[in-house]
S.K.: 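Please read through the structure below; I'll follow up with questions.
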Amino acid sequence: MRVPLLDLTAQFRPIRDEVLAVITRVCDAQQFILGAEVDAFEKEMAALLGVRHAVGVSSGTDALLAAMMALGIGPGDEVVTTTYSFFATAGCVSRLGARPVFVDIDPVTFNLDPQRTIDAITPRTKAIIPVHLYGQSAELDPILAAAAARGIHVIEDAAQAIGTTYRDRLVGGFGAFGCFSFFPSKNLGAFGDAGLVTSNDDALAERVRLMRGHGMQPKYYHRMIGGNFRIDALQAAVLRVKAPYLAGWTAARRRNAARYRALFAEAGLTEVGLPVEHDHGYHIYNQFVIRVPERDALRAHLTAQGVGTEVYYPVPFHEQECFRDLGYAPGAFPHAEAAARETLALPIYGELTDAHLRIVVDAIAAFYAR
Ligand SMILES: *Cc1c(COP(=O)(O)O)cnc(C)c1O
């Protein structure tokens, strides 16, 4: 039996009829751009995430881009963020002509180190982007306090963290903006690209809403230069069907994470570093990431055994070719560099059975028994 990293067909099967019905509904209405489906989606997402405003956008990347554009981030500005995340977090900063300033991670949680983040602030710092990596919240309190004291904006990259909490509050509403992704591999996945910007600030939410549609209001009068960052009505309709299942799917991921811990303990696999849950949040396990020094050999072994894995991420931002002109030296952020060599994501999706989880752990045990 093979165990893929992710099997979206297993999630789709039980909701197939429901999803096809809403796709048909949108096709019958022929209302593809904004409109009632998107309005209803945004109201439901705001309620789900406990925020005043939710603006549907075309992807998680465009959520970050529109949020930064709404804050007027551009040339001369610095944006402090982790060196260890998906590319969009940093790429959007550079696309706006601002300078990403990278900081190292906490080696235990892989989230950005709050003290190093504060130390990286300069008079040019316009925003800080904490990323809630793998589905666990970053340590926000020190960052929020430092940002508030200096008038710096905080944008949460919550692309991997829908339903994650920090000190009993859902992420996405702590800073100026929260940015979510509905890329199919996220806990709530669209049937293509889609994203969301959240905010509790009425004026900022209005700016992001304008940015999403070329800064246009009223029609053909442009108040600011935005882009086409709109979510498709089809995606909004599909996400409306899937959203009520999210809590159950996340609970299943958490059950699998607990089951992995029990199986690793049972097998006596002390070589494997398991994800560490900090005590101030709800981890949604977008990824279950283990840590092993012999990562590449273990990954090759698992691939040969039919177990799907992935490396999130093999190269930190400061070592990426496209950021060479920022002048970071290899060795600049040793915790992130070690994580890039040692982390490995295992299958964690909710539809995995106990038999699947056993196959994964047995295959890892066989690797260490060689
Ligand atoms: C997925 C992801 C994004 C980008 O989302 P897309 O919808 O793929 O554009 C941004 N940041 C992080 C941390 C992500 O995991």
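Just so you know, ligand 1 is whichever comes first in the structure, and atom 1 is the first atom listed for that ligand. What you see below is based on every heavy atom in this structure, not just the backbone, and it leaves out hydrogens, waters and symmetry mates.
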S.K.: Run the numbers for me: atoms of ligand 1, each under 4.0 Å from some heavy atom of S59, listed by number.
M.R.: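 So the answer, numbered in order with elements, is 7 (O), 9 (O).
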
S.K.: Do me a favour and list the nearest non-hydrogen protein atom to atom 11 (N) of ligand 1 with residue, atom name and distance?
M.R.: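 For atom 11 (N) of ligand 1, the nearest protein heavy atom comes out as D157 OD2, 2.8 Å.
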
S.K.: Less than 3.5 Å between some nitrogen or oxygen of F86 and one of ligand 1, yes or no?
M.R.: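 There is no such contact.
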
S.K.: How about I284 and R254: do any of their side-chain heavy atoms sit closer than 4.5 Å?
M.R.: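 Side-chain contact under 4.5 Å: no.
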
S.K.: Using the ring of each side chain (for Trp, its six-membered ring), is Y328 parallel, tilted or perpendicular to H318, with breaks at 30° and 60°?
M.R.: perpendicular

S.K.: Does the S94 side chain pair with the main chain of G91, one donor and one acceptor, at a distance under 3.5 Å?
M.R.: no

S.K.: Number the atoms of ligand 1 from 1 as they appear, then name those within less than 4.0 Å of a heavy atom of Q160, with their elements.
M.R.: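 Those qualifying, in numeric order: 13 (C), 14 (C), 15 (O).
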
S.K.: To the nearest 0.5 Å, what is the distance between CZ on F41 and CG on L34?
M.R.: 12.0 Å

S.K.: For A159, take its heavy atoms, then give the atoms of ligand 1 lying under 4.0 Å from any of them.
M.R.: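 Answer, ordered by atom number: 2 (C), 3 (C), 10 (C), 11 (N), 12 (C), 14 (C), 15 (O).
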
S.K.: Do side-chain atoms of Q217 reach the backbone of L210 as a donor and acceptor pair under 3.5 angstrom?
M.R.: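 Not a single qualifying donor-acceptor pair exists.
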
S.K.: Closer than 4.0 Å to some heavy atom of V131 - which atoms of ligand 1 meet that?
M.R.: 13 (C)

S.K.: Specify whether F317 and F102 have parallel, tilted or perpendicular ring planes, treating 30° as the upper limit for parallel and 60° as the lower limit for perpendicular.
M.R.: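 Answer is tilted, since the angle falls between 30° and 60°.
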
S.K.: Residue-level breakdown please: for T61 versus ligand 1, do any non-hydrogen atoms fall below 4.0 Å on the side chain, on the backbone, on both, or on neither?
M.R.: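 It is both parts that get close, each with some atom under 4.0 Å.
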
S.K.: Quick check on K186 - does any of its heavy atoms sit under 4.0 Å from an atom of ligand 1?
M.R.: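 Checking ligand 1 against K186, which is what was asked, there is a heavy-atom contact under 4.0 Å.
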
S.K.: Check for a donor-acceptor pair, side chain of H335 on one end and backbone N or O of P107 on the other, with a separation under 3.5 Å.
M.R.: no

S.K.: Between S85 and ligand 1, which part of the residue brings a heavy atom under 4.0 Å of the ligand: side chain, backbone, both or neither?
M.R.: side chain

